[in-house]
Amino acid sequence: MSHIHIPDGVIPEFWWALGYVVTAIILAVAFSRTKSVDARRKVPLLGIMAALMLVGQSVPLGFIPFHLSLAVLAGIALGPWLGVIAVFISNLFLALIGHGGITVVGLNTVVVGSEAILGYLLFSTFKRHMPSVTVAAIAAAVLTLIVSVSLMISVVAVSQVNPLEAVEEIREVGGVAELGRISIPRFITIIAPFAIVGIIIESLAIGLIVRFVTGIRPEVIGE
Amino acid sequence: MHRASALSKVLMVALIISAVVISIDIPVFLVALTFLIVALLISDLPVLRVLVFAGYALVFSLIFAISSVGGTLSPVIIILKAVTAAVSLLLLITTTPYPQIFGLFQKVLPMILIDAMLVTYRSFFIIIEQISRLLTAIRVRGGYSPVKIARNLNTMGRILGHGFIHAWELSENMQNAMYVRGYRGGLPVSSIARPVSRYDLLPLFIGATVFILAVVR
């Protein structure tokens, strides 16, 4: 849901390059945490979970410029590391059909990947202390999505400063001027209502999916 | 464009996206879009349907375009950047089979990732068809009512849950099939790549022209 739909060429090169570097590090850790034989065995599962996310991400919620991401569900079902890999695959596919810039795939993997990692951690904790897995899934999804939307807004806000130009500006005028490409207060005003509706819908969807799945194949979500 | 190699088309997209990144000049984007639409036309592709997909990028870029009113980057530039990049990528994927693109990625990305991407590509169509069939069945049987929101949500949860279970079982079947066929990592994709030929001149020309224009202006 917190997928950054920012087009190519709006965020300074430094930030999207940093996004790719961070993503490469996260993926390297993800692959090292998943034993090679285990990862090979889980290739179909990984691919199909990424496809399911892609289906969710390809359908906007009516007129709302938001969509389900199902990254929290990927984290719950696959675990945090395979979940992050699935997020990277779905982001790359989305970029290949022009859905979000190809240069921001790295940043998107960091932001949406946080949903898989945090979603897994919160769900694992909540299901031990809450009356049902449905409630645990909804609570984990709500908190995770609030964090990831905040992260997405932070990325857009931070990217208004170009560090490569900032060094020069500090030397010459003693301060840093914003790029002023995007008004962050206006950006937050536009997306806040959509984000609230999106968080409610996605959290309910994840809760209902988890409830349905636990009734039929409880082992899928570690029950 | 269908006859050009994946390499030349990926290079074209890389050059156009580089131009999109560095340029803030409207004529550069208009020239790029003209070239891309002509390439779609001569490739005998349904231009309007492809542009509808690009409209998706346009809708989402509007949030950033509206947020940029009064800023250093005009909203029109933001929209043009989004649409130009989207159309170039759409030209690539509508004229190049995905496995050929993955064949190129294979040189830089881990093998397991490429295999998972191939499975994603194949499964996407299976899952989307299965969910759309399920949606039709639900509507036909009166499972959807515009006024009963709680019931609709519950139904939607069941549909998505069913889709999830189906996807999970699909992955188990695929895993067994791959194991039986001796899968040890590395699905063969590079062997079907199209060789470099004279047809590569067009995408290279488009990419180079747009990039040079962006640099010169």
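Just so we're on the same page: letters track the sequence lines, and every chain starts at 1. Keep in mind that what you see is a predicted model, and the values were worked out from it rather than measured.
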Measure the spacing between [atom1] of [X] and [atom2] of [Y] and express it to the nearest 0.5 Å.
X: B:Thr120; Y: A:Ile89; atom1: OG1; atom2: CD1; answer: 4.5 Å
X: A:Met53; Y: B:Ile127; atom1: CE; atom2: CD1; answer: 12.0 Å
X: A:Leu54; Y: B:Phe124; atom1: CG; atom2: CZ; answer: 5.0 Å
X: B:Trp168; Y: A:Leu45; atom1: CH2; atom2: CG; answer: 4.5 Å
X: A:Ile48; Y: B:Arg122; atom1: CD1; atom2: CZ; answer: 8.5 Å
X: B:Asp115; Y: A:Leu46; atom1: CG; atom2: CG; answer: 10.0 Å

- [ ] Step through the shown structure and confirm whether more than 12 heavy atoms of other residues, nucleotides or ligands are within 6.0 Å of OH on A:Tyr120.
- [x]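 No, OH of A:Tyr120 has 12 or fewer neighbouring heavy atoms, counting only those of other groups under 6.0 Å.
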Task: Within 6.0 angstrom of B:His166 NE2, more than 12 heavy atoms from elsewhere - done: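 Yes, NE2 of B:His166 has more than 12 neighbouring heavy atoms, counting only those of other groups under 6.0 Å.
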TODO: Side chain from CB out, backbone as N, CA, C, O: work out which of these in B:Tyr98 comes under 4.5 Å of a heavy atom of chain A, or both, or neither.
DONE: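 It is the side chain, since no backbone atom gets that close.
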Open item on the list: Just to verify, which of B:Leu118, B:Ile112, B:Ile114 counts as forming a side-chain contact (heavy atoms from CB on, under 4.5 Å) with A:Val43?
Closed with: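 That would be B:Ile112; it is the only one of B:Leu118, B:Ile112, B:Ile114 passing the side-chain contact (heavy atoms from CB on, under 4.5 Å) with A:Val43.
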Task: Steps toward side chain to side chain contact (heavy atoms under 4.5 Å, CB included) verdict (A:Thr103, B:Ile17) - done: CA-CA 9 Å; A:Thr103 53; B:Ile17 287 177; 4.2 Å; yes
Where [X] and [Y] come nearest, the two heavy atoms and their spacing:
X: B:Val20; Y: A:Asp8; answer: CG1-O, 3.5 Å
X: B:Pro110; Y: A:Phe31; answer: CG-CE1, 3.9 Å
X: A:Pro44; Y: B:Met178; answer: CG-SD, 3.7 Å
X: B:Gly163; Y: A:Leu52; answer: O-CD1, 4.3 Å
X: B:Leu89; Y: A:Ala95; answer: CD1-O, 3.0 Å
X: A:Arg186; Y: B:Ile66; answer: NH1-O, 2.9 Å

TODO: Dump the intermediate steps for side chain to side chain contact (heavy atoms under 4.5 Å, CB included) on B:Phe105 and A:Leu92, then the final yes or no.
DONE: CA-CA 11 Å; B:Phe105 287 161; A:Leu92 193 58; 4.2 Å; yes
TODO: Identify which part of A:Leu73 has an atom lying under 4.5 Å from any heavy atom of chain B, answering side chain, backbone, both or neither.
DONE: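 Contact with chain B involves the side chain of A:Leu73 alone.
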TODO: Check each atom of A:Leu96 against the heavy atoms of chain B and say whether the ones under 4.5 Å are side chain, backbone, both or neither.
DONE: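 It is both, since atoms from each part get that close.
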So which of [options] has the largest heavy-atom pair count under 4.5 angstrom toward chain A?
options: B:Ala86, B:Ala54, B:Ser123, B:Ser18; result: B:Ser123
options: B:Ala19, B:Ala82, B:Ala177; result: B:Ala82
options: B:Ile93, B:Asn173, B:Ile131; result: B:Ile93

Task: Residue among A:Ile190, A:Val210, A:Ile206 with most heavy-atom pairs under 4.5 Å to chain B - done: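 Greatest number of close heavy-atom pairs with chain B: A:Ile190.
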